[in-house]
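For reference, the structure discussed in these notes is given below.
Numbering of ligands and ligand atoms starts at 1, following listing order.
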Amino acid sequence: MEGAPAHGDLAGRSALVTGGGSGIGRACVHALAAAGAKLHVVDRDGPAAERVAGEVGGSAHVVDLADADAIQALPAEIDVLVNNAGLQHVAPLHEFPPEMFTLIQQVMVTAPFLLIRRCVPHMYAHGWGRIVNVSSVHGLRASAYKAAYVAAKHGLEGLSKVAAIEGAPHGVTSNCVNPGYVRTPLVENQIQAQARTHGLPASEVVEKVLLDRTPVKRLIEPAEVAALVRWLASDPGGSLTGASVPLDGAWTAN
Ligand code: NAD
C-alpha cells in the first residue's frame, strides 16, 4: 500500500480507531481506509492490532487505554478520531466490583477525553476534523446490571456534545453512533451464555432475549455501523454535529 495513490474523499487524511483490532472497530478501519484515509489502529491486543493494520497498510499501536501515560505516546496529528474501544461487565449494583466500575470509566470516558484533548489542536489548526464516538443504545437508555457501561456511555454522550460545541468554530464535528446489538465477538459470547442459561437454541436467544425490545429482529452487522461512521467522517457529514444517531432497529423508538 505504501506509496500507492489513495482515492476517496478521505485521501490525505489520517484516522485513528481505538479498539480497531476487532468487531466494530475493525469494520471502521476498513471503511475509512476504503475512503482513502491513512489508518492508526489502536488496541491492547497486539496481534489483532498488527493484523488489522496490515490488512489496510496502516500502523498498529499496542496500547492499554486504561493507561493515561501510554495515550500520550499516540499520534496527535489525527483528522478523524473514532473512540470505539469498550468492554462490558454485568452484575447487580450491590455486587458490582468498584475496580471494574473504575476501569470501564477509564477506558470508555477518560481515554476518549484524553484523545480528543490530544487531537483537537491539529484539527483546529487545519480547520477540519471529525470525532466519532461509538456509544450505544445504552448511552440513551438504561438496563439492569450494566451500571458501569450505562454510566460510561452516558458520560461519553456528554463529552461528545461539549466537543461539538467547542469544535464548531474550527470545522470540527463530534457525534455519537448508538448501535443496538451488533454481531461481534462481544455479543456472540453473550448469545452462547444466554442459550445455556435459558435452555434455548442460539437463534431463539437472539429473537426472544437480546431483541425482546427491538422491532427489527436481526443483529446489526459491524459494516453497517462502520458505514455510518464513514459518512459522519465525510465532507457532507460536516452538517451534522452534536448528535446521537441510533442504529438500533427502532429499539429506542419503541
Ligand atoms: P469487541 O470486543 O469485538 O472489540 C473491542 C475491542 O476493544 C477489542 O479489540 C479489545 O481488545 C479493545 N479494547 C478493550 N479494552 C481495551 C483497552 N483497555 N485498551 C485498548 N483496547 C481495548 O467489541 P465490539 O462489539 O466491536 O465493541 C466496540 C464498541 O462498540 C464498544 O465501545 C461497545 O461498547 C460498542 N457497542 C457494541 C455493541 C455490540 O452489540 N457489539 C452495541 C453497542 C455498542
Stepwise, does the side chain to side chain contact (heavy atoms under 4.5 Å, CB included) test hold for Val177 with Val229? CA-CA 7 Å; Val177 299; Val229 171; 4.3 Å; yes
Students often mix this up, so state it plainly: with edges at 30° and 60°, are the rings of His138 and Tyr149 parallel, tilted or perpendicular?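 His138 vs Tyr149 ring planes: perpendicular.
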In terms of the angle between their ring planes, are Trp251 and Tyr181 parallel, tilted or perpendicular, with boundaries placed at 30° and 60°?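 Parallel: the ring planes of Trp251 and Tyr181 meet at under 30°.
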From CA spacing to verdict: side chain to side chain contact (heavy atoms under 4.5 Å, CB included), Asp235, Trp128: CA-CA 9 Å; Asp235 280 326; Trp128 195 96; 3.0 Å; yes
Nearest neighbour in protein (non-hydrogen) for [atom]:
atom: atom 7 (O) of ligand 1; result: Gly19 CA, 3.4 Å
atom: atom 44 (C) of ligand 1; result: Ser135 O, 3.1 Å
atom: atom 43 (C) of ligand 1; result: Pro179 O, 3.4 Å
atom: atom 36 (N) of ligand 1; result: Tyr149 OH, 3.6 Å
atom: atom 15 (N) of ligand 1; result: Arg44 CZ, 3.5 Å
atom: atom 26 (O) of ligand 1; result: Ile24 N, 2.9 Å
atom: atom 1 (P) of ligand 1; result: Ser22 OG, 3.6 Å
atom: atom 18 (N) of ligand 1; result: Asp64 OD1, 2.9 Å

With distance as the sole criterion, is a donor-acceptor pair present between the side chains of Asn83 and Thr18 under 3.5 Å?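 Note: Asn83 and Thr18 side chains miss the donor-acceptor criterion.
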Option set [options], criterion heavy-atom distance to [atom], minimum:
atom: atom 20 (C) of ligand 1; options: Val17, Val63, Val52, Val137; result: Val63
atom: atom 39 (C) of ligand 1; options: Ile104, Val182, Asp248, Val107; result: Val182
atom: atom 24 (P) of ligand 1; options: Asp43, Thr184, Val134; result: Thr184
atom: atom 23 (O) of ligand 1; options: Val225, Asn133, Val177, Leu186; result: Leu186

Any heavy atom of [X] sitting closer than 4.0 Å to ligand 1?
X: Ala49; result: no
X: Ala48; result: no
X: Gly180; result: yes

Distance from [X] atom [atom1] to [Y] atom [atom2], nearest 0.5 Å?
X: Gln88; Y: Gln190; atom1: CD; atom2: CD; answer: 6.5 Å
X: Asn178; Y: Leu140; atom1: CG; atom2: CG; answer: 4.0 Å
X: Ile131; Y: Ile78; atom1: CD1; atom2: CD1; answer: 12.0 Å

Write down the atom of Thr241, the atom of Ala164, and the distance for their closest heavy-atom approach.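 In this case the closest contact between Thr241 and Ala164 is OG1-CB, 3.4 Å.
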Between Thr173 and Arg130, which heavy-atom pair has the shortest distance, and what is it?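 Heavy atoms of Thr173 and Arg130 come nearest at OG1-CD, 3.1 Å.
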Which of the numbered atoms in ligand 1 are under 4.0 angstrom from any heavy atom belonging to [X]?
X: Tyr181; result: 40 (O)
X: Val187; result: 39 (C), 40 (O), 41 (N)
X: Asn84; result: 28 (C), 29 (C), 30 (O), 31 (C), 32 (O)
X: Leu65; result: 17 (C), 18 (N), 19 (N), 20 (C)
X: Gly23; result: 3 (O), 26 (O)

With the side chain counted from C-beta on, respond yes when Asn133 and Leu159 share a heavy-atom pair under 4.5 Å apart, and no when they do not.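 Not touching, per the 4.5 Å side-chain cut-off.
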Cys28 versus Asn84: any side-chain heavy-atom pair under 4.5 Å?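 Of all side-chain heavy-atom pairs linking Asn84 with Cys28, none is under 4.5 Å.
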Within the structure, does Met108 bring an N/O atom to less than 3.5 angstrom of an N/O atom in ligand 1?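 Such a contact does not occur with ligand 1.
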Decide whether an N or O pair under 3.5 Å exists between Asp45 and ligand 1.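 In this structure, Asp45 places no N or O atom under 3.5 Å from an N or O of ligand 1.
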Where does Lys153 meet ligand 1, judged by heavy-atom distances below 4.0 Å: at the side chain, the backbone, both, or neither?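 The answer is the side chain of Lys153.
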Hey, is Arg230 close enough to Asp9 for a salt bridge, meaning N to O under 4.0 Å?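 Yes, this pair counts.
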Should Leu65 and Val120 be counted in the same cluster of Ile, Leu, Val, Met, Phe, Trp and Tyr side chains packed under 4.5 Å apart?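 Yes; Val120 is reachable from Leu65 via cluster members.
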